Amino acid sequence: MGVSKAVLGEPLIAKAMIEAGIQTIADSRIENIERMKEAGIIANFVLLRTPLSRAQAIVESADISLNTEMETLNELSTHAQKISKIHKVIIMVELGDLREGVLPCDLPQFIKKALCFSHLEIVGIGCNLACYGGIEPDNCNMRKLSELCRSAENDFQLSLNYVSGGNSANYQWYQSADDIGRINNLRLGEAILLGCETVARTPIAGLYTQAFQLVAEVVESKIKPSIPIGKRSQDAFGNMSAIQDRGYCRRAIIALGRQDVSISGLEANKRMSILGASSDHLIVESYNNLQVGDEVRFNLSYSGLLSAMTSPFIKKQFLI
């Protein structure tokens with residue numbers, strides 16, 4: 001599954017994934033799926049996050065949704081019945097990362113109850129790792145997911161089409177594992193968009209790691225001292241950061257701030273270093289005499305891409 005949430009369900013990017021051979025697009029926001037469908041994107045759509053309050057929209061726009069709560073399944077089935085539709089679900093299992101998931105010991109009873117809903121079809125189980133808790137996918141937790149799949153199929157006479165092992169963090173495990181068991185699906189966003197796996201952020205051979213760049217304008221460039229002058233207190237965001245005395249240096253201000261992008265998600269080139277940012281200004285030390293009006297480019301990490309694509313203040317330009 002190609003995951004489009006980091007790019008706000010951008011139809012052009014979804015189209016590029018589909019042209020590359022991906023048949024299923026997954027997103028965490030039903031609004032993004034609706035946007036892609038309205039733009040004419042034809043694919044199987046999977047919703048990664050299933051809010052109870054959006055059950056009707058989910059049934060109408062998503063082919064499959066990931067679920068962990070019986071109340072939500074009930075609502076999905078109710079709305080599916082109203083439009084004579086069978087909604088497909090993947091049940092997520094908790095395997096240690098402590099984001100979403102049914103505890104393994106509760107899974108049999110959960111499936112038993114879920115099978116009672118007349119307009120739902122259980123098509124798979126899955127898990128999420130290396131997201132909230134940073135727990136790496138490995139042979140142990142992936143073997144556990146395969147075992148849970150086999151048990152569910154045997155106990156309830158099911159045939160599960162999806163055994164979804166996780167996200168881009170699973171890439172290294174998948175490449176190195178001697179036996180992947182029943183795992184037959186990964187939900188890949190960062191690996192596709194930024195060309196790296198997400199455990200060690202290692203580039204993936206054959207993929208491009210700079211497909212997204214953020215371009216911003218220099219609005220000030222002056223020689224200034226590196227240490228603030230006067231009695232220091234907290235900055236605008238309540239921080240008291242350590243500042244190194246490097247004497248006088250050329251400091252440039254970029255028209256970019258925390259309201260635009262996650263500053264920690266910016267990767268500067270070797271000709272400058274990021275010193276800090278306020279809501280509207282990014283302060284860098286320049287090693288190549290940046291001048292007012294110059295444009296500077298930043299590569300983006302996942303957090304940088306996610307925030308930049310979401311920001312209404314950043315213009316998106318696609319080079320095809």
Side-chain angles (χ1 to χ4, degrees), residues 1-18 22-69 71-73 75-80 83 85 87-92 97 99-101 120 123-124 126-132 162 164 166-169 185-194 198 211-212 214 259-262 265 300-316 318:
M1 300 176 182
V3 178
S4 57
K5 64 179 181 178
V7 293
L8 217 62
E10 169 56 50
L12 285 175
I13 295 175
K15 181 181 178 183
M17 290 184 182
I18 292 167
I22 290 174
Q23 299 177 353
T24 302
I25 301 294
D27 205 292
S28 60
R29 314 286 171 139
I30 193 64
E31 295 85 354
N32 290 345
I33 291 177
E34 291 170 341
R35 177 189 183 192
M36 288 183 278
K37 295 186 75 170
E38 288 170 2
I41 300 298
I42 299 174
N44 296 314
F45 286 102
V46 176
L47 187 65
L48 301 176
R49 185 183 67 177
T50 314
L52 179 68
S53 60
R54 300 307 310 276
Q56 180 177 346
I58 293 166
V59 167
E60 291 174 349
S61 297
D63 300 292
I64 305 172
S65 61
L66 275 51
N67 286 273
T68 63
E69 290 290 348
E71 293 86 348
T72 305
L73 292 181
E75 281 293 301
L76 292 171
S77 182
T78 298
H79 288 289
I83 60 174
K85 179 180 181 180
H87 182 69
K88 299 176 181 179
V89 300
I90 294 174
I91 297 172
M92 296 296 282
D97 201 59
R99 204 178 75 171
E100 81 276 30
L120 298 183
V123 296
C127 71
N128 189 72
L129 296 166
C131 195
Y132 168 72
Y162 297 93
S164 190
N167 52 45
S168 296
N185 174 265
L186 296 178
R187 310 178 303 277
L188 303 181
E190 185 170 350
I192 295 172
L193 299 170
L194 296 179
T198 62
F212 296 86
L214 182 57
Q259 193 169 11
D260 304 299
V261 68
S262 170
L300 297 168
S301 69
Y302 185 78
S303 66
L305 175 63
L306 179 68
S307 56
M309 288 296 294
T310 304
S311 173
F313 302 109
I314 293 179
K315 178 183 177 182
K316 287 76 177 177
F318 298 92

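In this text the structure is predicted, and so the values were computed from the model without any measurement.
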Please lay out, stage by stage, how R187 and S164 fare under the test side chain to side chain contact (heavy atoms under 4.5 Å, CB included).
CA-CA 7 Å; R187 310 178 303 277; S164 190; 2.7 Å; yes
Walk me through whether C127 and L129 qualify under side chain to side chain contact (heavy atoms under 4.5 Å, CB included).
CA-CA 7 Å; C127 71; L129 296 166; 4.2 Å; yes
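- Between D27 and S4, the shortest heavy-atom contact is OD2-OG, 2.7 Å.
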Show every donor-acceptor pair shorter than 3.5 Å between a side-chain atom in residues 35-42 and any protein atom, with sequence neighbours excluded, or say none if there are none.
| unit_1 | atom_1 | unit_2 | atom_2 | d |
| --- | --- | --- | --- | --- |
| R35 | NH1 | L8 | O | 2.8 |
| R35 | NH2 | E10 | OE1 | 3.0 |
| K37 | NZ | S61 | O | 3.2 |

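- Contact of the H87 side chain with the V89 side chain is registered, since non-hydrogen atoms from C-beta on lie closer than 4.5 Å.
- Residues I13 and L193 meet the side-chain proximity criterion, which asks for heavy atoms closer than 4.5 Å.
- Separating the OG atom in S53 from the CD atom in E75 is a distance of 9.5 Å, to the nearest 0.5 Å.
- Put simply, the side chain of N167 does not reach to within 4.5 Å of the side chain of L186, judged on heavy atoms.
- When all heavy atoms of S307 and S262 are compared, the pair lying nearest together is OG-N, 2.8 Å.
- The two residues V7 and M309 have their closest heavy-atom pair at O-CE, 3.5 Å.
- Contact check for V3 versus E190: no side-chain heavy atoms found under the 4.5 Å cut-off.
- In this structure the side chain of L76 reaches within 4.5 angstrom of the side chain of T50, judged on heavy atoms.
- Atoms CD1 and CG, on I25 and D63 in that order, are 11.5 Å from each other to the nearest 0.5 Å.
- Within the 4.5 Å cutoff, side-chain heavy atoms of E100 are placed close to those of N128.
- Atom CD of E31 has more than 12 neighbouring heavy atoms from other residues, nucleotides or ligands inside a 6.0 Å radius.
- The OH atom of Y132 sits 9.0 Å away from the CG atom of D97 when rounded to the nearest 0.5 Å.
- Contact between T24 and I22 at its shortest, heavy atoms only, is O-CG2, 3.1 Å.
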Take K88 and Y162, measure what side chain to side chain contact (heavy atoms under 4.5 Å, CB included) needs, and give me the verdict at the end.
CA-CA 11 Å; K88 299 176 181 179; Y162 297 93; over 6 Å; no
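- If you take CD on E60 and CD on E34, they are separated by 8.0 Å, rounding to the nearest 0.5 Å.
- Note: T68 OG1 to I91 CD1 = 10.0 Å, rounded to the nearest 0.5 Å.
- Residues forming a side-chain contact (heavy atoms from CB on, under 4.5 Å) with S28 (at least two apart in sequence, or on another chain): K5, L48, R49.
- With hydrogens and angles ignored, the 3.5 Å screen pairs no side-chain donor or acceptor of N67 with any backbone N or O of L73.
- Nearest heavy atom pair, residue V59 against residue I83, reads CG1-CD1, 3.6 Å.
- Residues T198 and S168 come closest through the heavy atom pair OG1-C, 3.5 Å.
- For the atom pair CD1 (I90) and CG (N185), the distance works out to 6.5 Å, reported to the nearest 0.5 Å.
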